There are 2 protein chains.
Amino acid sequence: MTATSLAAQLRAAPLFRDLDGALLAEVADIARPRELARDALLFRAGEPFRGFFVLLAGHVQLARLAPSGHEKVVEIIGPGETFAEAVLFLDGGSYPVDARALEDSRLLEIGAAGFNRLLDERPGLARNLLGAMSKRLHRLVQDVAALSLEDATGRVVGYLLAQAGAEEAGAEVRLPAKKAAIASRLGIQPETFSRVLGRLREDGAIEVAGETIRIRDPRRLHRNAQ
Amino acid sequence: MTATSLAAQLRAAPLFRDLDGALLAEVADIARPRELARDALLFRAGEPFRGFFVLLAGHVQLARLAPSGHEKVVEIIGPGETFAEAVLFLDGGSYPVDARALEDSRLLEIGAAGFNRLLDERPGLARNLLGAMSKRLHRLVQDVAALSLEDATGRVVGYLLAQAGAEEAGAEVRLPAKKAAIASRLGIQPETFSRVLGRLREDGAIEVAGETIRIRDPRRLHRNAQ
DNA sequence: CGCAGCCTTGAAAGCTATCAATACTAGTGG
DNA sequence: CCACTAGTATTGATAGCTTTCAAGGCTGCG
């Protein structure tokens, strides 16, 4: 893959979108393309940090494993998103979660050393990073709040509306992963997720067709939430 | 308050600790001292961002209010900590939580405009910010995971051990707020918190004396956790 | 056609929330 | 110095939601 095509792909990520061509080329220079087969591990929690990633295609889940064997999906990463940038700035520097491909995926690895050098030379990059991390922080705060303030139905409804983007009747949501993974992301069991969707469907709020969900009646959906 | 004494107080915050004197003075220049009485609101969720804060003395809670009236304490801020920095980099720019003083508190407000200018002139600052935000992100990921992976006892045990710093017998923890606030931070009801502490005490794992808790037997404590 | 993986549905158990009452503590005023 | 009060914490009983365990159904692929 040529460096210029790498640069073009980097532009797909909001983190790099507004960089000038020269800087983008420098980033592309240190980016290493990687393929990841479905179910393959990219890194494991506790491993020393070696770089962060830009997901070009596919889906990756970030999850934490409890000693009991249960796992909590913290986030599901989609195309264009970056992840593990924050680990770059922790002194201890080890990944806090496992990263696993939910489907065959294509990504770029940005090595720690090279990026750190870039960061020193081009301060504009730091701002972009701060923006990206702020968004992630904000989402996490929402998740923490939802986990304690809302019940299973409320969290499912919130998730569907967030994924749909707009709250219009007819909006369609494609679940980005198996339902068990989404359930974990929402902090519930797969069985509960299934039951909640069932109730929302019976109520006429949504239509479920495999992995796509159509929002029939946003108002009804809201009313079901906690 | 003179600018030099302000600078000295800024050094108490890890975010500013390693800044050179000149830069520290510039930060002090744009910092505004504020007093906050117990139970007073510093900002409300949804308010437009005007600046972030350094807590010099006291305790402040960041919480989110649900429509139902229930509130979830996302974080309890102690002396030396900064908060709401992340909001600076969100375009929409409004606080995502309420900030309320748990006791009479003293803090510094760092205005958005001035700090943004500093950030452009002195790129070193950005690195410090990235470090601070990374730590906060990491903690939030832990919280999210704990909320779904551990039961009430597990979360209380985790909190006590984290607050104690070391896992030695005899370590003492001073609860930084009323038990109801800690309970909310842990995602449980005050009654449940009380019951869990009671059980841990009966088991001989801890001793409770008002708002200070002594860890008698870390191993026993761990064994109680989920 | 048959199997494997995923999802759904059912029944029972468990944990935590909720509601309610009592105990405690610190600060106030007599 | 003691009584009182308001806020806070504990304890008890019950209800509700979610998990767990189990079985059946569905779908796509070999």
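On a predicted model such as this, the values are computed, not experimentally measured, just so you know. Numbered from 1 within each chain, the chains take letters A, B, ... in sequence-line order.
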Atom pair distance, as rounded to whole Å: [atom1] in [X] and [atom2] in [N]:
X       : N       : atom1 : atom2 : result
E202(B) : dT10(D) : CD    : C1'   : 12 Å
R38(A)  : dG5(C)  : CZ    : P     : 11 Å
E150(B) : dC15(C) : CD    : P     : 15 Å
I182(B) : dT10(D) : CD1   : P     : 12 Å
E211(B) : dA26(C) : CD    : P     : 10 Å
H70(A)  : dT18(D) : NE2   : C1'   : 13 Å
L102(B) : dT8(D)  : CG    : C1'   : 14 Å
R199(A) : dG10(C) : CZ    : C1'   : 14 Å

- Sugar-phosphate only, base, or nothing, as touched by R155(A) at under 4.0 Å among non-hydrogen atoms: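 Counting heavy atoms under 4.0 Å across all strands, no contact is made by R155(A).
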- Message: Minimum heavy-atom separation for L6(B) and P33(B), please, with both atom names.
- Response: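 So the minimum-distance heavy-atom pair works out to CD2-CG, 4.3 Å.
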Selection from [options] that lies nearest to any side-chain heavy atom of [X]:
X       : options                   : value
R201(A) : dT9(C), dA20(C), dT18(D)  : dT9(C)
K178(A) : dT16(C), dT20(D), dC7(C)  : dC7(C)
I188(A) : dT19(D), dT10(D), dC21(D) : dT19(D)

- Determine the interplanar angle of the F83(A) and F43(A) rings, folded into 0 to 90°, and report it as parallel if under 30°, tilted if 30 to 60°, perpendicular if over 60°.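 Ring orientation of F83(A) relative to F43(A): tilted.
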- Under 30°, 30 to 60°, or over 60°: which ring-plane class applies to F52(B) and F115(B), parallel, tilted or perpendicular?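 Correct class here is perpendicular.
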Tell me whether the side-chain N or O atoms of [X] pair up with the base of [N] as donor and acceptor below 3.5 Å, since no angle test is needed here.
X       : N       : answer
Q189(A) : dC21(D) : no
R195(B) : dT18(C) : yes
E191(B) : dC19(C) : yes

- Message: Can you tell me if R44(B) has over 12 outside heavy atoms packed within less than 6.0 Å of its CZ?
- Response: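 Atom CZ in R44(B) is not packed in, count stays at 12 or less.
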- Message: For R17(B), is the CZ atom crowded, meaning more than 12 foreign heavy atoms sit under 6.0 Å from it?
- Response: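 Result for CZ/R17(B): enclosed.
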- Report the residue (A152(A) or G198(B)) whose heavy-atom-nearest nucleotide on DNA chain D is the more 5′ of the two.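 By nearest-heavy-atom nucleotide position, the 5'-most residue is G198(B).
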- Message: Is there a side-chain contact between T192(B) and the phosphate of dA17(C), meaning an N or O under 4.0 Å from OP1 or OP2?
- Response: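 Answer is yes, contact under 4.0 Å.
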